[in-house]
Amino acid sequence: MSPSGFYHAPVSKGLMAVAAAGTLLTQTMKWSSLGLSHAALFEKLQLWRVGTCHVAFGTAGEAVFGLFLLYHFRMFERQRGTHKYAALAFTCTCAATSSKGQTLASGPYGLLFALLVQYAYDVPAGSFFSVLGCRFSDKTFMYLLALQLVFSSSTAAAVPSLSGAVAGLLYRADFMRMRRFQFPKSVCRFLSTTLGTLLASPKPGHPGQGAPANRRRPSPHAAVRPQGGEEAQGYQDQMVPPLHPGDDMDEMDEMDGMVGMGAMGGMGAGAMGEVPVDPQPSEEAMEALVSMGFDRNAARIALIQAHNNVNVATHLLLGGGAV
């Protein structure tokens, strides 16, 4: 299951905090629209709108939908790393801003729809269902939510949303080397020691955070584990997945029995036949998911279900599909 909160996602946390605070402030102070417009930029020379047009949503309803999407898309920061995600957000926002013209809705529409393009291409569907003979996937709900965000402010959000989608496509095509853009290392170090400390989030379940530690039911065959300390523990961990509430106890006992037979050299295998064992995931794939903040056992199970495909395993973990 996906770790909740913003562990390994400080940029997403900062973007959401700024958008929420900016929306609350503009609604409380009854400020006029912060959106970008040709007249305000070139006739009134209100250059500050270039930045504020991305800070706050125009209404509370837009903020609810937009913040939910930003929270869901934190998966890309965990997958690509904070530095690359920050570069993606910066380049796509700049590209989307350059294509705006008339008075438009304020809010990070450019970034949201650029990320929606990455979501459409990079995140595979986890499940499918049919409605009136039409086949849909679990990703359909995110697309419907994005459409609701676009039309929640009449047509004012249509152009910035389309600009963001175009920016996302340009990013995928590496237009003008957009995907290779990186912030200078000195800037990254400075932000890591200042804002990074402020926006850092503890690992879910970390001791001292009040989350219960994962507990495993002792195996009745613990006495016949392979010898070798940590290596022996690793053998048991690979063969028996962690017990979750609602798991069938008889099924777990059967799995424990398989471990016991394997540890004793396959005694009784002639009577029962060979037991098929799922191929274990690669260490590189495991480390990739663990670095995103996922529990190691959950990552291993998701990779087994996804046949060692990191993208599919990430989607299973984020959607809670991994058993």
Side-chain angles (χ1 to χ4, degrees), residues 1-9 71-72 74-82 122-124 126-127 138 200-264 275-323:
M1 193 174 172
S2 169
S4 60
F6 296 96
Y7 181 63
H8 280 185
Y71 182 77
H72 186 75
R74 76 195 189 284
M75 70 173 78
F76 293 112
E77 182 172 1
R78 287 174 172 166
Q79 183 183 43
R80 305 184 183 203
T82 296
D122 293 339
V123 178
S127 60
D138 55 346
S201 298
K203 182 178 180 179
H206 190 274
Q209 299 301 320
N214 291 333
R215 298 190 177 185
R216 300 167 60 89
R217 183 171 59 87
S219 170
H221 303 283
V224 293
R225 275 191 203 146
Q227 302 299 318
E230 295 182 0
E231 182 177 344
Q233 179 65 43
Y235 176 88
Q236 179 74 4
D237 288 342
Q238 288 180 5
M239 295 300 295
V240 182
L243 180 63
H244 297 286
D247 282 350
D248 191 289
M249 297 297 293
D250 292 334
E251 180 181 353
M252 295 301 296
D253 288 335
E254 180 182 356
M255 295 182 70
D256 282 340
M258 294 177 184
V259 174
M261 287 193 301
M264 292 184 290
V275 179
V277 179
D278 290 329
Q280 294 302 311
S282 66
E283 187 63 28
E284 292 78 6
M286 287 280 292
E287 291 300 327
L289 291 178
V290 171
S291 67
M292 297 180 204
F294 297 113
D295 176 73
R296 191 173 186 85
N297 283 333
R300 187 188 71 251
I301 296 172
L303 283 169
I304 292 175
Q305 294 178 350
H307 303 291
N308 210 41
N309 187 308
V310 175
N311 286 333
V312 176
T314 302
H315 183 64
L316 288 173
L317 291 165
L318 290 171
V323 179

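Nothing fancy with the numbering, it's 1 onward along the sequence.
- A pairwise comparison of heavy atoms in Ala313 and Leu303 identifies CB-CD2, 3.7 Å as the closest pair.
- A 4.5 Å side-chain heavy-atom check between Phe76 and Val123 finds at least one atom pair inside the cut-off.
- Summarising the geometry of Arg78 relative to Tyr7, their closest heavy-atom pair is NE-O, 2.8 Å, with the distance given to 0.1 Å.
- Contact check for Arg300 versus Gln280: side-chain heavy atoms found under the 4.5 Å cut-off.
- Separation of atoms CG (Leu289) and CD (Glu284) is listed at 12.0 Å; rounding is to 0.5 Å.
- Of all heavy-atom pairs between Val310 and Ala285, the closest is CG2-CB, 3.8 Å.
- How far CG of Leu316 is from CG of Asn311: 11.0 Å, rounded to the nearest 0.5 Å.
- Take Glu283 and apply the side-chain contact (heavy atoms from CB on, under 4.5 Å) test, not counting sequence neighbours, and it matches Glu287, Arg296.
- Residues Arg74 and Ala9 come closest through the heavy atom pair CB-CB, 4.1 Å.
- Between Asp122 and Arg80 there is a side-chain heavy-atom pair separated by less than 4.5 Å.
- The two residues Asn308 and Ser282 have their closest heavy-atom pair at OD1-N, 3.1 Å.
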